[in-house]
Protein chains: 2
Amino acid sequence: MPAAQVSVRRRARGRLSRAGILAAALELVDQDGVGSLTMRRLAGRLDADPMSLYQHFQSKEALLDGLVGTLWSEVEVMDGDWQVVLPSLANGIRRLAHVHPQAFRLVFGRGMLPLPALGPLDRALTALERAGLAREAAAEMVRTLLAYAGGWATLELSCDCGVDPGASQVEQVVAITRALPAETPTHLLEVARLMACCDMDKQFELGLRLILDGLAPRLVDVRGR
Amino acid sequence: MPAAQVSVRRRARGRLSRAGILAAALELVDQDGVGSLTMRRLAGRLDADPMSLYQHFQSKEALLDGLVGTLWSEVEVMDGDWQVVLPSLANGIRRLAHVHPQAFRLVFGRGMLPLPALGPLDRALTALERAGLAREAAAEMVRTLLAYAGGWATLELSCDCGVDPGASQVEQVVAITRALPAETPTHLLEVARLMACCDMDKQFELGLRLILDGLAPRLVDVRGR
DNA sequence: ACCTGAACACCGTTCAAGT
DNA sequence: ACCTGAACACCGTTCAAGT
């Protein structure tokens with residue numbers, strides 16, 4: 001078979017790959033939201049037949065699972081002792097929400113413990129065990145941290161309803177008033193402003209410190225004996 | 001117009017109500033999951049034309065927002081000082097996840113601060129202000145608590161992949177192995193078991209205590225001065 | 001053997017035609 | 001004036017017909 005013909009009129013064979021499809025899907029979700037991810041639209045972006053996607057994914061559900069894997073793989077957990085590893089896991093989860101605000105809901109919306117999450121969680125567990133903690137006690141710490149980090153990232157995304165971080169109080173009130181129904185009582189608008197407008201970095205750090213400081217004594221006890 | 005005719009062949013007028021539609025929608029989601037909620041299927045359950053639903057909700061999106069309201073309205077926040085109000089808010093959110101495991105994802109999947117959430121949050125804020133805390137400091141506590149409670153409830157639901165609470169370790173391993181892909185490395189299966197299998201009540205309490213105990217000193221300071 | 005497009009059974013929503 | 005069903009523009013997926 002002449003090479004020229006292959007390059008000029010090459011078959012679709014092998015043009016699509018799992019990774020390529022997932023990258024295009026993530027781009028689509030980041031741009032237009034989870035609702036806009038469609039097998040047909042995705043195939044269109046890749047100049048392929050919609051049915052060709054089914055050679056790489058059994059169903060749309062399987063494709064979404066793959067997307068969760070792609071997202072978890074972007075969470076980098078640093079090496080070091082638990083004082084380094086645990087905050088880096090929590091910060092990695094939060095950073096994921098910032099980089100992919102649209103796609104993030106997929107990560108925790110379809111179960112928090114899929115296969116791709118287990119690597120990062122293993123790193124955290126191992127760091128705590130190296131520090132002398134029992135496996136079950138280590139799991140307790142990691143679960144608490146995961147719940148807080150995931151919950152905060154979700155909350156932070158939902159606060160981001162068009163209010164600039166450095167906006168004046170008046171601007172905040174205007175933005176919140178527009179985001180809620182017209183019949184919302186004034187004092188509940190104030191509750192919403194109070195809840196939604198804060199220094200997100202500082203607030204996240206506050207909860208993180210609370211949890212790590214609260215759990216630290218357990219470790220000291222173990223080491224001391 | 002003869003009353004008999006009204007009762008025998010009464011018009012569809014007024015047969016549908018916002019509350020009735022929402023109740024049927026919640027029932028549908030509880031039974032068959034969020035994916036099965038369809039304007040057509042919902043109308044079928046109510047023996048109505050699909051388009052009749054649009055008299056009460058502008059769109060399916062608006063109906064989902066209404067569902068979030070229904071769910072939040074089931075969160076009861078007890079009266080009392082902050083030591084009572086804050087745990088009751090956290091427990092209420094967690095209980096919601098237990099009563100409506102399928103529908104729960106709607107509550108935090110579409111923004112954590114919709115109008116129906118503001119009532120319960122206001123109760124918590126007020127309790128802290130009554131205890132002498134500044135508004136901004138009160139908001140910090142409530143945000144931390146909301147992030148943890150919401151995150152934990154989500155994590156707990158995702159752990160519930162067919163593992164009985166009282167299952168033996170062997171049963172746990174079998175259930176986890178079945179829930180994850182066949183090619184999952186053994187040591188990651190063990191990570192999953194360790195993360196997913198625990199006394200959920202105890203674990204939730206642990207994080208809750210950690211946060212409330214960590215925040216309590218701020219209040220004592222305020223009162224003491 | 002591998003690929004793919006027509007076809008099926010849905011979906012949310014518009015809108016014109018009914019009462 | 002209020003209601004509603006046919007119709008439109010989608011959707012995920014099956015499967016038979018192609019190469």
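Protein chains get the first letters and strands the later ones, always in sequence-line order, with residue 1 at the start of each.
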Inset, instruction - Hey, could you give me the CG/CG distance between Leu121(A) and Leu89(A), rounded to the nearest 0.5 Å? - result: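 It comes to 6.0 Å.
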Inset, instruction - Supply the atom-to-atom distance Asp79(A) CG to Arg123(A) CZ, rounded to the nearest 0.5 angstrom. - result: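 Reported value, rounded in 0.5 Å steps: 5.0 Å.
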Spacing between [X] atom [atom1] and [N] atom [atom2], to the nearest angstrom:
X: Leu53(A); N: dG5(C); atom1: CG; atom2: P; value: 13 Å
X: Phe57(A); N: dT13(D); atom1: CZ; atom2: P; value: 13 Å
X: Ile21(A); N: dG12(D); atom1: CD1; atom2: P; value: 14 Å
X: Leu42(A); N: dT13(D); atom1: CG; atom2: P; value: 13 Å
X: Met51(A); N: dA17(D); atom1: CE; atom2: C1'; value: 14 Å
X: His56(B); N: dC3(D); atom1: NE2; atom2: C1'; value: 12 Å
X: Asp49(A); N: dT4(C); atom1: CG; atom2: P; value: 6 Å
X: Glu61(A); N: dC11(D); atom1: CD; atom2: P; value: 17 Å

Inset, instruction - State plainly whether the residues Glu205(B) and Lys202(B) are in salt-bridge range, i.e. N to O under 4.0 Å. - result: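 Lys202(B) and Glu205(B): not salt-bridged.
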Legend entry - Pairing of Asp201(A) and Arg94(A) as salt bridge, 4.0 angstrom limit: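 Between Arg94(A) and Asp201(A) there is a salt bridge, with a charged N closer than 4.0 Å to a carboxylate O.
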Side-chain donor/acceptor pairs under 3.5 Å, residues 177-185 of chain B, sequence neighbours excluded:
{"unit_1": "Thr177(B)", "atom_1": "OG1", "unit_2": "Val173(B)", "atom_2": "O", "d": "2.5"}
{"unit_1": "Thr184(B)", "atom_1": "OG1", "unit_2": "Pro181(B)", "atom_2": "O", "d": "2.6"}

Legend entry - Chi angles and distances behind the salt bridge (charged side-chain N to carboxylate O under 4.0 Å, His left out) call for Arg95(A), Glu76(A): CA-CA 10 Å; Arg95(A) 185 157 36 242; Glu76(A) 285 172 33; over 6 Å; no
Inset, instruction - Apply the test salt bridge (charged side-chain N to carboxylate O under 4.0 Å, His left out) to residues Arg193(A) and Glu190(A): give CA-CA distance (whole Å), side-chain angles for both, the deciding distance (0.1 Å), then the verdict. - result: CA-CA 5 Å; Arg193(A) 190 196 64 78; Glu190(A) 175 57 13; 3.0 Å; yes
Inset, instruction - Mind running a 4.0 Å heavy-atom check of residues 24-40 of chain A against DNA chain C and sending the residues that fall below it, in number order? - result: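 Residues of residues 24-40 of chain A that come under 4.0 Å of DNA chain C are, in numerical order, Arg40(A).
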Consider the side chain of [X], meaning its heavy atoms from C-beta on, and name the nucleotide among [options] that approaches it most closely.
X: Ser52(A); options: dC11(D), dT4(C), dT13(C); value: dT4(C)
X: Tyr54(A); options: dT4(D), dG12(D), dC3(C); value: dG12(D)
X: Gln55(B); options: dT14(D), dT13(C), dC3(D); value: dC3(D)

Legend entry - Polar contact flag, side-chain donor to acceptor under 3.5 angstrom, Thr144(A)-Gln203(B):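 Indeed, the side chains of Thr144(A) and Gln203(B) share at least one donor-acceptor pair under 3.5 Å.
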Legend entry - Which nucleotides of DNA chain D pair, in dot-bracket form (Watson-Crick or G-U under 3.5 Å, | meaning another strand): ||.|||||...|||||.||
Inset, instruction - For the residue pair Phe104(A) and Phe108(A), categorise the inter-ring angle as parallel (less than 30°), tilted (30 to 60°) or perpendicular (more than 60°). - result: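 If you compare the ring of Phe104(A) with that of Phe108(A), the planes turn out perpendicular.
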